[in-house]
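See structure below.
Only heavy atoms go into these numbers, but all of them, side chains included; no hydrogens, no water, no symmetry mates.
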Amino acid sequence: MQASAMPNAHPQLEASISHLADLIAYDTTSAYSNLELIDYMEVFFANLGADVAVLPDKSGEKANLVARLGPADLPGIVLSGHTDVVPANPKSWQSDPFKMEQRGSRLFGRGTCDMKGFAACIMAAAPAFANAELKRPFYFCFSHDEEVGCLGAPAIARYLAGLKVPPALAIIGEPSEMKLINGQKGKIAMRVTVRGEGGHSSFSPQHVNAVEYASRIITMIAERARRYEHDGPFDHDFTVPHATTLTTIIEGGVATNVTPDTCSFIFELRSIDQEAAATDIQTLINDIEAALLPEMQRQSPDSAIEWQELFAYPAMGDATDSNMFKQLEPILPERGGKVSYGSEGGVFEIDGGIPSVILGPGSIRQAHKPNEFIEIDQLNQCLEFLDELNSWMKR
């Protein structure tokens with residue numbers, strides 16, 4: 001099906017699909033540089049007359065982009081997305097993940113919904129923004145390394161906060177099926193390394209088995225997850241109405257006949273209460289060490305449990321009481337509640353002082369999967385919303 005054959009197809013729908021194909025072709029998996037894509041977007045927005053700033057990271061291998069259209073002396077609106085994507089194993093895909101393919105009403109490729117589809121719609125709508133007599137500015141913000149802990153967004157948030165007149169609201173284009181999301185959980189990711197005492201497994205009673213102790217820690221983490229599920233606290237506006245914690249990666253042992261002296265694993269906590277999250281982690285650490293460390297160190301004094309925070313990003317609060325949100329509310333789509341997945345909204349709010357909401361095309365259920373796709377109609381809906389936003393910004 002050609003997009004132009006859709007009933008009520010937006011005039012810029014074909015342009016958004018073309019931009020999306022271009023964006024997908026850049027393999028911006030978080031492990032790689034995103035500079036080629038940032039260069040591409042820098043040229044695009046500069047050619048529209050935007051004021052463009054590129055914010056490189058310390059390595060020089062990654063960068064953020066901020067482009068402004070409209071006056072700088074009034075509070076405006078941020079339209080924000082991340083440029084990185086999660087890995088894609090071609091063997092798990094029916095098509096090349098970095099070559100967009102249309103099948104029926106769907107566009108397939110890594111990042112189609114998470115979240116290059118939003119960026120493609122912005123690029124398709126941007127010429128109309130550039131030609132409009134905007135009374136307030138748009139800030140188009142594209143970050144690096146959102147998928148590995150929202151590493152790029154703080155630099156954008158600080159840049160915007162440092163402007164003479166900072167933006168008044170950020171719209172984060174994560175896939176929300178074009179429903180407005182007014183809350184998002186925060187996350188803390190932790191690495192735990194258990195150090196025991198190894199040796200030939202025939203003498204295992206004399207050793208401190210790091211894998212076995214790691215399994216006991218993991219069991220205590222799972223028990224904490226069940227308490228969250230049973231006891232709360234609860235906020236039923238979230239898709240999962242309580243905090244969650246789980247182990248996601250584990251590694252340990254070297255051979256079948258060696259008692260393992262080291263085991264490492266990663267777990268996460270997704271919180272609905274930002275202030276309680278750090279306290280919950282510390283309480284969990286204290287409980288685990290009190291239960292296990294004395295036992296381990298009686299057998300081997302050098303035994304240890306080491307804790308490392310890999311990354312953390314804040315929860316996104318409810319922006320519906322902010323002045324700009326109240327002004328925009330008549331043109332905003334229906335509410336979709338609060339979400340358990342992460343976004344950069346909390347970073348804009350905490351680091352930049354900019355109230356934030358999530359609103360973007362595509363379904364989060366398609367994100368991070370093989371054969372990721374976005375429905376063409378979702379792009380169409382996004383373009384229609386951007387039209388309304390453009391009209392409002394000209395008032």
Side-chain angles (χ1 to χ4, degrees), residues 27 29-32 84-94 97 110 145 147-149 151 187-230 240 243-271 277 280-312 340-342 367-372:
D27 181 353
T29 303
S30 302
Y32 307 145
D84 63 315
V85 296
V86 298
N89 181 356
K91 293 181 180 179
S92 303
W93 286 65
Q94 296 177 10
R110 176 57 85 217
D145 288 330
E147 296 290 5
V148 290
L151 304 184
K187 177 177 173 177
I188 301 173
M190 300 287 296
R191 183 190 300 278
V192 183
T193 302
V194 180
R195 301 199 184 277
E197 182 180 35
H200 196 287
S201 61
S202 61
F203 295 96
S204 61
Q206 301 173 22
H207 303 150
V208 177
N209 187 327
V211 168
E212 290 185 0
Y213 276 99
S215 72
R216 291 170 67 178
I217 297 172
I218 291 168
T219 297
M220 294 181 74
I221 292 169
E223 289 172 353
R224 184 68 186 93
R226 286 189 287 273
R227 290 203 301 275
Y228 281 132
E229 187 173 0
H230 184 264
V240 177
T244 60
T245 186
L246 77 158
T247 302
T248 54
I249 299 173
I250 186 169
E251 181 179 6
V254 294
T256 60
N257 59 354
V258 177
T259 302
D261 62 0
T262 305
C263 185
S264 178
F265 65 90
I266 295 172
F267 76 96
E268 68 168 34
L269 167 66
R270 293 180 183 262
S271 59
D280 284 0
I281 287 286
Q282 191 58 55
T283 300
L284 184 62
I285 290 172
N286 294 343
D287 290 347
I288 288 169
E289 290 187 344
L292 301 181
L293 262 183
E295 180 181 323
M296 294 169 63
Q297 291 178 344
R298 277 195 298 270
Q299 183 74 24
S300 174
D302 292 332
S303 296
I305 305 171
E306 299 171 358
W307 309 85
Q308 177 192 5
E309 182 180 298
L310 297 178
F311 65 82
S340 300
Y341 62 79
H368 299 191
K369 290 184 176 181
N371 304 303
E372 177 183 346

Give the C-alpha distance, both sets of side-chain angles, the deciding distance and a yes or no for side-chain contact (heavy atoms from CB on, under 4.5 Å) between Glu309 and Ile188. CA-CA 7 Å; Glu309 182 180 298; Ile188 301 173; 4.1 Å; yes

Steps toward side-chain contact (heavy atoms from CB on, under 4.5 Å) verdict (Ser201, Val258): CA-CA 5 Å; Ser201 61; Val258 177; 5.9 Å; no

I'd like to know whether Tyr228 forms a side-chain contact (heavy atoms from CB on, under 4.5 Å) with Asp280, so could you lay out the CA-CA distance, the side-chain angles of the two residues, the decisive distance to 0.1 Å, and finally the verdict. CA-CA 11 Å; Tyr228 281 132; Asp280 284 0; 2.7 Å; yes

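The local environment of CD in Glu223 is crowded, with over 12 non-hydrogen atoms from other residues, nucleotides or ligands closer than 6.0 Å.
Here the side chain of Asn371 pairs a donor or acceptor atom with the backbone of Gln94 at under 3.5 angstrom. Remark: side-chain polar atoms of Arg191 are not paired, donor with acceptor, to backbone N or O of Phe267 under 3.5 angstrom. Side-chain atoms of Glu268 do not come within 3.5 Å of backbone N or O of Leu246 as any donor-acceptor pair.
Summarising the geometry, atom CG belonging to Asp27 is positioned 5.5 Å from atom OH belonging to Tyr32; distances are rounded to the nearest 0.5 Å. Annotation: the span from Arg224 atom CZ to Thr219 atom OG1 amounts to 15.5 Å, rounded to 0.5 Å.
Residue Ser30 is tested with Val85, Val86, Asp145 for a side chain to side chain contact (heavy atoms under 4.5 Å, CB included); the sole match is Asp145. The side chain to side chain contact (heavy atoms under 4.5 Å, CB included) with Val194 is formed by just one residue from the set Thr262, Ile217, Leu292; it is Ile217.
Under the 4.5 Å side-chain criterion, counting only non-hydrogen atoms from C-beta, Lys369 is not in contact with Glu372. For the pair Asn89/Pro370, no side-chain contact is recorded, criterion being any heavy-atom separation below 4.5 Å from C-beta on.
Shown here for Trp93 and Ala88, the closest heavy-atom pair between the two residues is NE1-CB, 3.7 Å.
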